[in-house]
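Here is the structure we will look at.
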Amino acid sequence: MQKKEKNNNFYMAFCDDRFKINRIAITFIDKLEREKNTLNALFPMVLIRGNNKYKDMKEINRFLDNMYGATLSIDVDKKGDLQTITFSISFLNDRFAGEQLYEKSLQFLHDIIYGPIEYGGGFKEEVIEQEKNNLKQEIEGRINDKVQYAIDRCIEIMFEGQNYALYEKGNVDDLKTITKDKLFLQYKEVVEKKPMYVMIYGDYNEEYAISKALEVFGQNQREDIKNDFSINLPFAGTRYITEEMEVNQGKISIGIRTNVDTRSTDYYKLLMLNGVLGASPKSKLFENVREKASLCYYAFSRVDRFKSVMVISSGIEIENYEKALNLILQQLEDIKKGVITTVEYESALNYYKTALMAIYDSPRDLLGFYLNQALVGEMLEPKEIFEMLKDVNVSDVKEIANRFEVDTVYFLRNRGAM
């Protein structure tokens, strides 16, 4: 792995000859704010519809077909108080193609991202309206995934009025106010001024890969935008919120303040706690709440490193709410007392070993992993993280658990039933 940083431009190349497919990902970082998160979700959708070099999707697809079936994708995500906008291309390794597809792919991504600026013109009204409708359907469709919806609602309530509560794809009301000029101005603001991360995976000399990327994308001065990892809201006790919807299965989401600086080595202690509690196949939530007590259909926990928050999620029979909630919270109390079995600990460690080593098997996952690492301010490899986890002991996990504060308990239940 090799990297170069200058003027808030970050270039990283990871050399690997195991796969036939290489990948380039260009990510721009902006603040996650109500005034622009919908704009930032919309403009990438418009960009991949064409510009004055590639007139429409037909011409874009023709180029990709001529690149032996290369694929172009966009992704908008949330990293704490940051919004990430990513353009990616996956393409055949040069040695299988017999030509320089890497350099063509770099230029193609540049043309997609900067085409409306460099080749003249703005966005077409017709395309904007079509993509507004597509984004509207995506935003409204969130409700179809009740597991994630309940998690999102818990976070929205927990961080009400804060940027972290925002959905990364925006909201329907803001879509109505977006004009052609407003969208184009925000697009230019992002691609010309916001921090840029160029991540490269493939069978290349890393110095060559970065030098070619620098030729295409450059290192012009960009803004310095950082994530705020702290919660910055006073803890006022646990809130219990119930909402009703047409559901057959109740959903519990519990938002927890971990009070861990996730940029420190305490993060790895928190990860092990997460594995013991609800991430691994032999976790406390799975074994004690689902298997032994049969009080839920699923139960898991996850940590957001970018906001020092843990969420516990579970699906239950609605009449079992009190029993299930009490038993879930009891698992946390047991960890606070250091009640952790050898099986639970080793299962957590094995879970992370498998998950971390699997990152090496996917160019997409590896570049996403290194982007997260760069945003946190460290560049450990997955195998190095596993070594950090091996150093965590039961007393470390116990100490972290005793920092926890249960902030919000959210229950999604069926409408009108008693």
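- With no hydrogens or angles considered, no side-chain donor-acceptor pair links Glu5 and Tyr11 at under 3.5 Å.
- Between Phe184 and Phe123, the two ring planes are perpendicular [angle over 60°; tilted spans 30° to 60°].
- Side chains of Gln330 and Asp334: a donor-acceptor N/O pair is present below 3.5 angstrom, by distance only.
- A distance below 6.0 Å separates the ring centres of Phe108 and Phe63.
- Note on ring orientation: taking the six-membered ring where Trp is involved, the planes of Phe14 and Tyr201 are parallel (angle under 30°, cut-offs 30° and 60°).
- Remark: the Gln83 side chain and the Asp77 side chain contain no N/O donor-acceptor pair separated by less than 3.5 Å.
- Across all their heavy atoms, Ala299 and Ser314 have their closest contact at CB-OG, 3.9 Å.
- With no hydrogens or angles considered, no side-chain donor-acceptor pair links Tyr268 and Asp396 at under 3.5 Å.
- Lys307 approaches Ile231 most closely through the heavy-atom pair O-CG1, 3.9 Å.
- Under a cutoff of 6.0 Å and an axis angle of 45°, Arg23 and Phe91 do not form a cation-pi pair.
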Checking side chain to side chain contact (heavy atoms under 4.5 Å, CB included) for the pair Ile312/Leu285: CA distance, chi angles, key distance, verdict? CA-CA 9 Å; Ile312 297 172; Leu285 291 177; 3.8 Å; yes
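- Within the 4.5 Å cutoff, side-chain heavy atoms of Asn40 are placed close to those of Phe43.
- To the nearest 0.5 Å, atoms CG (Asp16) and CE (Met1) are separated by 13.0 Å.
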Between Asp361 and Arg18, is the side chain to side chain contact (heavy atoms under 4.5 Å, CB included) condition met? List the steps. CA-CA 9 Å; Asp361 295 329; Arg18 293 179 301 148; 3.4 Å; yes
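- In this structure, Glu405 and Ile256 have side chains that are not in contact, with every pair of non-hydrogen atoms separated by 4.5 Å or more.
- Two residues are said to be in side-chain contact when any heavy atoms from C-beta on lie closer than 4.5 Å; Phe411 and Lys251 fail this criterion.
- Dense packing is recorded around NZ of Lys336, with more than 12 heavy atoms of other residues, nucleotides or ligands lying under 6.0 Å away.
- Side chain to side chain, Asp111 and Tyr119 meet the donor-acceptor criterion of an N or O pair below 3.5 Å.
- By the neighbour-count criterion of 12 heavy atoms within 6.0 Å, atom CD of Glu33 is densely surrounded, having more than that number from other residues, nucleotides or ligands.
- Looking at heavy atoms from C-beta onward, Asp266 lies out of side-chain contact with Leu270 at the 4.5 angstrom threshold.
- Annotation: side chain of Tyr102 is not in contact with side chain of Ser105 (no heavy-atom distance under 4.5 Å).
- Thr179 and Asp181 are not linked by any side-chain donor-acceptor pair at a separation below 3.5 angstrom, with hydrogens and angles left out of the test.
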Take Lys193 and Glu223 through the test salt bridge (charged side-chain N to carboxylate O under 4.0 Å, His left out) and record every step on the way to the result. CA-CA 6 Å; Lys193 298 179 181 179; Glu223 296 175 15; 5.8 Å; no
Salt bridge (charged side-chain N to carboxylate O under 4.0 Å, His left out) between Lys269 and Glu399, worked out: CA-CA 9 Å; Lys269 301 172 186 177; Glu399 189 274 323; 5.1 Å; no
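- Atom CE in Met12 sits 4.5 Å away from atom CE in Met199 (nearest 0.5 Å).
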Start with the C-alpha gap between Glu344 and Lys284, add the side-chain angles, then the distance that decides, and say whether salt bridge (charged side-chain N to carboxylate O under 4.0 Å, His left out) holds. CA-CA 7 Å; Glu344 290 166 347; Lys284 286 184 176 293; 3.1 Å; yes
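- Between the side chains of Asp81 and Gln162, not a single donor N or O lies within less than 3.5 Å of an accepting N or O.
- Side-chain atoms of Asn372 and Lys79 form a donor-acceptor pair, as typed in the model, at a separation below 3.5 Å.
- Residue Asp174 is tested with Lys182, Lys169, Arg34, Lys136 for a salt bridge (charged side-chain N to carboxylate O under 4.0 Å, His left out); the sole match is Arg34.
- The CG atom of Leu185 sits 9.5 Å away from atom CG of Leu39, with the distance rounded to the nearest 0.5 Å.
- Crowding of Lys31 atom NZ: a count of heavy atoms from other residues, nucleotides or ligands under 6.0 Å not exceeding 12.
- At least one side-chain heavy atom of Lys20 sits less than 4.5 Å from a side-chain heavy atom of Leu92.
- Side-chain contact annotation: Arg222 with Asn9, donor-acceptor N/O pair under 3.5 Å present.
- Contact between Leu72 and Ile60 at its shortest, heavy atoms only, is CD2-CG2, 4.2 Å.
- No hydrogens or angles considered: nothing links the side chains of Glu317 and Asn320 as a donor-acceptor pair under 3.5 Å.
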Give the intermediate values and the outcome of side chain to side chain contact (heavy atoms under 4.5 Å, CB included) for residues Thr408 and Ile254. CA-CA 6 Å; Thr408 302; Ile254 304 172; over 6 Å; no
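- Counted by atom type alone, Asn326 and Tyr321 present zero donor-acceptor pairs between their side chains at under 3.5 Å.
- In this structure, Leu412 CG and Ile151 CD1 are separated by 11.5 Å, a value rounded to the nearest 0.5 Å.
- For the pair Asn220/Asn7, no side-chain contact is recorded, criterion being any heavy-atom separation below 4.5 Å from C-beta on.
- Stacking of Arg142 on the aromatic ring of Tyr167 is recorded, both the 6.0 Å distance cut-off and the 45° axial limit being met.
- Under a cutoff of 6.0 Å and an axis angle of 45°, Lys78 and Tyr164 form a cation-pi pair.
- Between the side chains of Glu346 and Asn350, not a single donor N or O lies within less than 3.5 Å of an accepting N or O.
- No option in Arg413, Arg415, Lys146 other than Arg415 meets the salt bridge (charged side-chain N to carboxylate O under 4.0 Å, His left out) test with Glu246.
- Closest approach of Ser90 and Ile21 over heavy atoms only: CB-CG2, 3.8 Å.
- By the 6.0 Å contact criterion, CG on Asn248 is open, its count of non-hydrogen atoms from other residues, nucleotides or ligands being 12 or less.
- At a threshold of 4.5 Å between non-hydrogen side-chain atoms, the residues Ile29 and Ile85 do not count as touching.
- The backbone N or O of Tyr410 sits nowhere less than 3.5 Å from a side-chain atom of Arg153 that would complete a donor-acceptor pair.
- Note that the NZ atom of Lys194 and the OG1 atom of Thr27 stand 15.5 Å from one another [nearest 0.5 Å].
- Closest approach of Thr258 and Met310 over heavy atoms only: CG2-N, 3.7 Å.
- Donor-acceptor pairing under 3.5 Å is recorded for the side chains of Ser301 and Asn274.
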Under the side chain to side chain contact (heavy atoms under 4.5 Å, CB included) rule, what do Leu356 and Leu389 come out as? Steps first, then yes or no, please. CA-CA 11 Å; Leu356 287 165; Leu389 293 173; 4.0 Å; yes
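- Contact record, Tyr345 with Val394: CD1-CG2, 4.3 Å, taken as the closest heavy-atom pair.
- Using a 3.5 Å distance cut-off with no hydrogens or angles, the side chains of Glu244 and Asn414 do not pair a donor with an acceptor.
- Looking at Lys282, its side chain never comes within 3.5 Å of a backbone N or O of Glu287 through a donor-acceptor pair.
- At a threshold of 4.0 Å, the pair Lys383-Glu387 does not count as salt-bridged, since none of the basic side-chain nitrogens sits closer than that to a carboxylate oxygen.
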